[in-house]
A.B. asks: 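Sharing a structure below in structure tokens format, with a few things to ask.
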Number of protein chains: 2
Amino acid sequence: MDDENIEKEAEKKENLDKTTEKQILSAAKRIFHVKGLDGARMQEIADEAGINKAMLHYYFRSKENLFEAIFNEDCVGFFAKLQELISVDLPLLAKIEYFVENYIDLLLKNSYIPAFILNEIHHNPERIKNVFIEKGIHPGNRFIEDIRSAISLGIINPIDPRQLIINIIALCIFPVVARPIVSTVLNFDDDSYTKFIESRKKEVSKFIINSIKIN
Amino acid sequence: MDDENIEKEAEKKENLDKTTEKQILSAAKRIFHVKGLDGARMQEIADEAGINKAMLHYYFRSKENLFEAIFNEDCVGFFAKLQELISVDLPLLAKIEYFVENYIDLLLKNSYIPAFILNEIHHNPERIKNVFIEKGIHPGNRFIEDIRSAISLGIINPIDPRQLIINIIALCIFPVVARPIVSTVLNFDDDSYTKFIESRKKEVSKFIINSIKIN
DNA sequence: GAATGGTTTAACCAACTGGTTAACACAAAA
DNA sequence: TTTTGTGTTAACCAGTTGGTTAAACCATTC
């Protein structure tokens, strides 16, 4: 491969992130995340992507198709990451610490995603089933086994593993999803609220482990 | 007041619950709760109320006005109830038990409200500020004092009272808001999921108190 | 340099949306 | 009985929406 070819390859690779299709997807993501399926306008997405509205239909045929592309990608990415975090090979209590810290971090870096997914599922609960069926995602099972075994080993107090999992996830997600309410009620500005959630990385795992650990 | 008048008064009172305005409000509530502001159609609300679409505008002038009537009523009712629950005169740990049990009960009986409020605030965060400013709602302050005093009395472990409040509310609300996801992931049917949340009335307060109580 | 085929555009369209209007119904007041 | 004001309706309207189309563009192939 001579210099010229190398150059061309590099150029191609650079442009991969800027194909029309990817531009549409990233613009659509930004609009859908903020306005939701019903609130988003195809024209607005086209403007955001800096292209003609007809292009959206050329690449994705319909608004519903474009939306599903975003929604499914977000869901798969989000649940895959969750699955990855709970699959790390650590003893239960350390795993909980690891999970909480990294999950809150993930949430802070993708703060629109949880509310977006929750909203859209609330308006159309069938969607989530499609994602799980088509994409074959089954988070949780591994974690349930870890909890059962920690209970029988006398490491933690008996608890329904499903209740514990819900508790862990609730404590991580809620402050992100309810951010506008909580920060208003507790008089936080944007920056101090982010710090407040940051501090939950330690606080939440302390709170959970205090509750379940046998001394 | 003779018999005839008494009869008329009774009739009036009965019809109070069935005035056109109330019919509109209850129909609009059902539609907005399920479809949200952007997804709801004025025609659909009119059909649901069994009246002409022009009546909606006769009574509420615009979709936004009608929506705000519902949204504000829901918010005020919801936060007022929350405030009532945390204002009961009990020692902290008993208060937490009392709160969790009654709050989860409230959530189960109004299962659309939390997701509805969260969704609409996510699409328009300004809304919540209007509610708090106009209606003068300030939940939480009383509870924060209770927590501080329980810490200094050595009843519970030191914890940022705001963190504890968020934890309590998160543990109650999340399973209701994320119901479609959780019940799909954990393979619940509708009935068993309701029972699962019912059982959290005891589980959650146990979980919290285990975590903070000094033995 | 003509033909090819994927990409892009401006103009267009039918259906829908929130909102208006003018006429009508009807009970209470005059 | 007439008047008046509130409640109600069907028909209508202008603006918006998702979606289409036919022509133009442009790099590649022959």
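Here the structure is a predicted model, which is why all the values come from computation and not from measurement. Numbers restart at 1 for each chain; the letters A, B, ... are given by sequence-line order, proteins then strands.
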A.B. asks: So what does B:Ala46 touch, heavy atoms closer than 4.0 Å: a base, only the sugar-phosphate, or nothing?
C.D. replies: nothing
A.B. asks: Step by step, would you call A:Glu48 with A:Arg30 a salt bridge (Lys or Arg N to Asp or Glu O under 4.0 Å)?
C.D. replies: CA-CA 9 Å; A:Glu48 175 83 12; A:Arg30 266 169 276 144; 2.3 Å; yes
A.B. asks: Using only side-chain N and O atoms of B:Arg41, determine if any of them is under 4.0 Å from OP1 or OP2 of C:dC16.
C.D. replies: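 Answer is no, no contact under 4.0 Å.
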A.B. asks: Does B:Lys35, at its NZ atom, have more than 12 non-hydrogen atoms belonging to other residues, nucleotides or ligands within less than 6.0 Å?
C.D. replies: no
A.B. asks: May I ask you to say what B:Tyr59 touches in the nucleic acid, namely base, sugar-phosphate or nothing, with a heavy-atom cut-off under 4.0 Å?
C.D. replies: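 If one applies the 4.0 Å heavy-atom cut-off, B:Tyr59 turns out to touch the sugar-phosphate alone, with no base involved.
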A.B. asks: Checking contacts here: which listed nucleotide (C:dG19, D:dG19, D:dT6) is nearest the side-chain heavy atoms of B:Lys53?
C.D. replies: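 Taking heavy atoms from C-beta onward, the closest nucleotide is C:dG19.
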A.B. asks: Students often get this wrong, so: under 4.0 angstrom with heavy atoms, is B:Met42 touching a base, only sugar-phosphate, or nothing?
C.D. replies: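 Contact class for B:Met42: sugar-phosphate only.
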A.B. asks: Please report, rounded to the nearest Å, how far the C1' atom of C:dT8 is from the NE2 atom of A:His57.
C.D. replies: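 The answer, rounded to whole Å, is 15 Å.
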A.B. asks: Taking atom types as they are modelled, would you say the side chain of A:Lys63 forms a donor-acceptor pair with the base of D:dG19 within the 3.5 Å cutoff?
C.D. replies: no
A.B. asks: Whole angstroms only, please: what is the NZ-P distance between B:Lys22 and D:dG7?
C.D. replies: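 Between P of D:dG7 and NZ of B:Lys22: 15 Å.
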A.B. asks: What is the distance, to the nearest angstrom, from the CG atom on A:Asn52 to the P atom on D:dC25?
C.D. replies: 14 Å
A.B. asks: When the distance from CG of A:Asp47 to C1' of C:dT9 is rounded to whole Å, what number comes out?
C.D. replies: 14 Å
A.B. asks: Select one nucleotide: of C:dT8, D:dT6, D:dT21, the one nearest the side-chain heavy atoms of B:Tyr58.
C.D. replies: D:dT6
A.B. asks: In whole angstroms, how far is the P atom of C:dG19 from the CG atom of B:Leu56?
C.D. replies: 10 Å
A.B. asks: Between C:dT7, D:dT21, C:dT21, spot the one nearest the side chain of A:Met55, thanks.
C.D. replies: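 Comparing C:dT7, D:dT21, C:dT21 against the side chain of A:Met55, the answer is C:dT7.
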A.B. asks: Nearest whole Å is fine: how far is D:dT17 C1' from A:Glu64 CD?
C.D. replies: 16 Å
A.B. asks: For B:Glu101, is there any backbone N or O sitting under 3.5 Å from a side-chain donor or acceptor partner on B:Asp105?
C.D. replies: no
A.B. asks: Between D:dT6, D:dT9, C:dG19, which one does the side chain of B:Ser62 approach most closely?
C.D. replies: C:dG19
A.B. asks: Looking at D:dT8, I'd like to know if its phosphate oxygens (OP1 or OP2) sit under 4.0 Å from a side-chain N or O belonging to B:Thr20.
C.D. replies: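 For D:dT8, OP1/OP2 do have a side-chain N/O of B:Thr20 under 4.0 Å.
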A.B. asks: Starting from the C-alpha separation in whole Å, work towards a yes-or-no answer on salt bridge (Lys or Arg N to Asp or Glu O under 4.0 Å) for B:Glu203 and B:Arg200.
C.D. replies: CA-CA 4 Å; B:Glu203 286 292 330; B:Arg200 288 180 65 81; over 6 Å; no
A.B. asks: In this structure, how many angstroms lie between the P atom of C:dC16 and the CD1 atom of B:Ile45, rounded?
C.D. replies: 18 Å
A.B. asks: Below 6.0 angstrom between ring centroids: does that apply to B:Phe116 and B:Phe32?
C.D. replies: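 That pair fails the under 6.0 Å test.
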A.B. asks: Given atom CD of B:Glu21 and atom C1' of D:dT6, what is their separation to the nearest angstrom?
C.D. replies: 13 Å
